[in-house]
Amino acid sequence: MDASAVSIIEHLLIEAHKQKVSDIHIDPGEKDVRVRFRVDGQLIDRKTFPMAIFRDLLGRIKILSHLRTDEHMTPQDGRFRIELPGKHFIDIRVSIVPSYYGESVVLRLLADTSSIPSLTELGLSDEDQKKILKVLSHSSGMILVTGPTGSGKTTTLYTILKMLNAGNNRSILTIEDPIEYAIPGVRQIQTDPHHGLTFATGLRALVRQDPDIIMVGEIRDKETAYIAIHTALTGHLLLSTLHTNDAATAIPRLVDMGIDPYLIASTVGMIIGQRLIRKACPNCTHGCEKCNHLGYKGRVGIFEVMHSNDAIQDAIMQRAPAKVLRSIAAKSGMRSMENDGLDKVERGITRIEEVVAAILE
């Protein structure tokens, strides 16, 4: 293995870690290899290498990830851990797929447990935090986090999971795809569809493991939804995500999956809708070195927290559409993501164009 490939990979990871990069994209072209960093959701060109070194870079990544170095036409997934200066370890998730000019690589930098944010750091208001804490005190029921891909749903779940795990006197199990954070004291299971371990089959198995709390990475189909609802109905607190635009839309989505409204009304205690927006750089107005001349540094969530009550449960039983549920929730004190975003604009946390872009996503 060329020593330069080893040093290049190490240098890229050190730089990415310092800049709080979430993903490194390594894309081969006709004559060179482009490296881009995803920072605060935006892809930024960082470096270009000659194609002559790409084979060594790819080989080094495959060796670290325990992947086949002689396979070039099939997608491969792996992960590895690397020690950075200062005895700091980071976990890297690797995805490699064949493309026109060679294999394309994406490295996902996984943060350690200590970096899981608090509810305040996520961007939740004091009032919304009170609603969440009230539901977390329950021993059964379902908490759902909704939003599109990349909206921070999983991070919110981990924050809640870390809070629930603080007492260390409850059995907490998860079924995930993939496991983003390793949490001491929580039994975490990675899905493996090739061996029959899906969200649905994994959830069935977890119920037999005497859990108090279960986290399901995502409810994607009717089978998983049915098992999750019945698990929450039978004395377990269940956390999961749904791919919907807002909190209220999660209810008709479950109905569309074939779940009876009375079961939904009986189990769903809270639905959190969210998006991620960039925070305005505190050091400049239009860009500086500290924010890579973007004018933004870091991200924060905008949220709406729909807490179940008698009025919402009655509406669910009557198969009310999302707009009716949203109206009832607003009358019950739910602040919409739009209003939460506007509040953050007024407080100088972000800018109006970020909120507009997130809501229209």
Side-chain angles (χ1 to χ4, degrees), residues 119-120 122-138 140-148 151-153 156-157 159-160 219 225 228-229 232-233 237-257 259-277 300-347 349-350 352 354-361:
L119 293 177
T120 299
L122 285 175
L124 283 148
S125 67
D126 291 343
E127 188 61 32
D128 285 342
Q129 289 188 42
K130 291 177 183 177
K131 294 177 183 177
I132 292 173
L133 290 173
K134 182 178 180 180
V135 174
L136 293 187
S137 67
H138 298 168
S140 64
M142 180 182 286
I143 299 172
L144 294 173
V145 183
T146 70
S151 60
K153 301 187 295 296
T156 298
L157 278 187
T159 296
I160 294 173
I219 295 176
I229 286 284
L233 195 63
L237 186 62
L238 189 135
L239 318 175
S240 192
T241 69
L242 264 180
H243 196 103
T244 63
N245 287 331
D246 56 29
T249 309
I251 300 300
R253 173 75 175 123
L254 289 172
V255 173
D256 288 344
M257 287 181 171
I259 307 302
D260 290 330
Y262 82 91
L263 290 175
I264 300 171
S266 302
T267 56
V268 177
M270 173 171 289
I271 305 173
I272 302 170
Q274 68 177 79
R275 295 288 192 282
L276 280 179
I277 58 173
V300 69
I302 54 174
F303 298 89
E304 58 187 22
V305 178
M306 192 172 92
H307 185 262
S308 181
N309 56 28
D310 291 343
I312 289 177
Q313 289 173 359
D314 289 343
I316 293 173
M317 294 287 287
Q318 297 170 20
R319 297 178 179 264
K323 65 179 180 180
V324 173
L325 293 167
R326 193 177 300 115
S327 176
I328 295 172
K331 291 176 182 177
S332 301
M334 182 185 80
R335 181 169 64 169
S336 68
M337 280 185 282
E338 294 93 329
N339 287 335
D340 188 34
L342 291 174
D343 177 67
K344 287 180 169 68
V345 171
E346 290 179 4
R347 290 191 285 146
I349 295 173
T350 189
I352 187 65
E354 277 293 298
V355 177
V356 172
I359 297 301
L360 294 178
E361 184 181 9

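Counting from 1, the numbers follow the sequence of the chain as shown.
A search for side-chain hydrogen bond (donor to acceptor under 3.5 Å, both in side chains) contacts involving T156 returns Q274, not counting sequence neighbours. The side chain to side chain contact (heavy atoms under 4.5 Å, CB included) check on T244 picks up T146, L242, T249, A250, R253, with sequence neighbours excluded. Annotation: side chain to side chain contact (heavy atoms under 4.5 Å, CB included) contacts of I328 (sequence neighbours excluded): A311, I312, A315, V324, S332. E354 pairs by the salt bridge (charged side-chain N to carboxylate O under 4.0 Å, His left out) definition with R278, not counting sequence neighbours. For K331, the side chain to side chain contact (heavy atoms under 4.5 Å, CB included) criterion is met by S327, not counting sequence neighbours. Legend: residues meeting salt bridge (charged side-chain N to carboxylate O under 4.0 Å, His left out) with K153, ordered by chain and number and at least two apart, are absent. Listed by chain and number, the residues in a side-chain hydrogen bond (donor to acceptor under 3.5 Å, both in side chains) with E127 amount to none (sequence neighbours excluded). D260 meets the side-chain hydrogen bond (donor to acceptor under 3.5 Å, both in side chains) test with no other residue; sequence neighbours excluded. In this structure, the side chain to side chain contact (heavy atoms under 4.5 Å, CB included) partners of T120, at least two apart in sequence or on a different chain, are S118, Q129.
Taking both residues in full, the closest heavy atoms of A320 and L325 are given as O-CD1, 3.8 Å, listed atom of the first, atom of the second, then distance. Here the shortest heavy-atom pairing between T267 and L263 reads OG1-O, 2.8 Å. Considering every non-hydrogen atom in both S151 and L276, the closest pair reads O-CG, 3.4 Å. When all heavy atoms of K131 and M270 are compared, the pair lying nearest together is O-CE, 3.1 Å. Nearest heavy atom pair, residue I302 against residue G341, reads CG2-CA, 3.6 Å. Of all heavy-atom pairs spanning L254 and A225, the tightest one is CD2-CB, 4.4 Å.
L124 has its side chain within reach of I132: a pair of non-hydrogen atoms, C-beta onward, lies under 4.5 Å apart. Here the side chains of L157 and I143 are not in contact, with every heavy-atom distance at 4.5 Å or above. For the pair S140 and L237, the minimum side-chain heavy-atom distance is 4.5 Å or more. Side chains of M306 and I272 form no contact here, defined as non-hydrogen atoms less than 4.5 Å apart. Counting heavy atoms from C-beta on, the side chains of L144 and I219 come closer than 4.5 Å. Looking only at side-chain heavy atoms (C-beta outward), K344 and V300 come within less than 4.5 Å of each other. Taking the side chain as every heavy atom from C-beta outward, S266 and L233 approach each other to under 4.5 Å.
Listed by first and then second residue, the salt bridge (charged side-chain N to carboxylate O under 4.0 Å, His left out) pairs involving residues 308-324 amount to none (not counting sequence neighbours).
E304 places a side-chain N or O within donor-acceptor distance of the main-chain N or O of M337, the cut-off being under 3.5 Å. Put simply, the side chain of Q313 never gets that close to the backbone of S308: no donor and acceptor are under 3.5 Å apart. Not one N or O on the side chain of R335 forms a donor-acceptor pair closer than 3.5 Å with the backbone of D128.
Salt-bridge annotation for D343 and R347: present, with a side-chain N of the basic residue lying under 4.0 Å from a carboxylate O of the acidic one.
A side-chain contact (heavy atoms from CB on, under 4.5 Å) with R275 holds for exactly one of D340, N245, V355; it is N245.
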**Message:** Set out, in order, the CA-CA distance, both residues' side-chain angles and the distance that settles side-chain contact (heavy atoms from CB on, under 4.5 Å) for Y262 and I316, then state yes or no.
**Reply:** CA-CA 7 Å; Y262 82 91; I316 293 173; over 6 Å; no

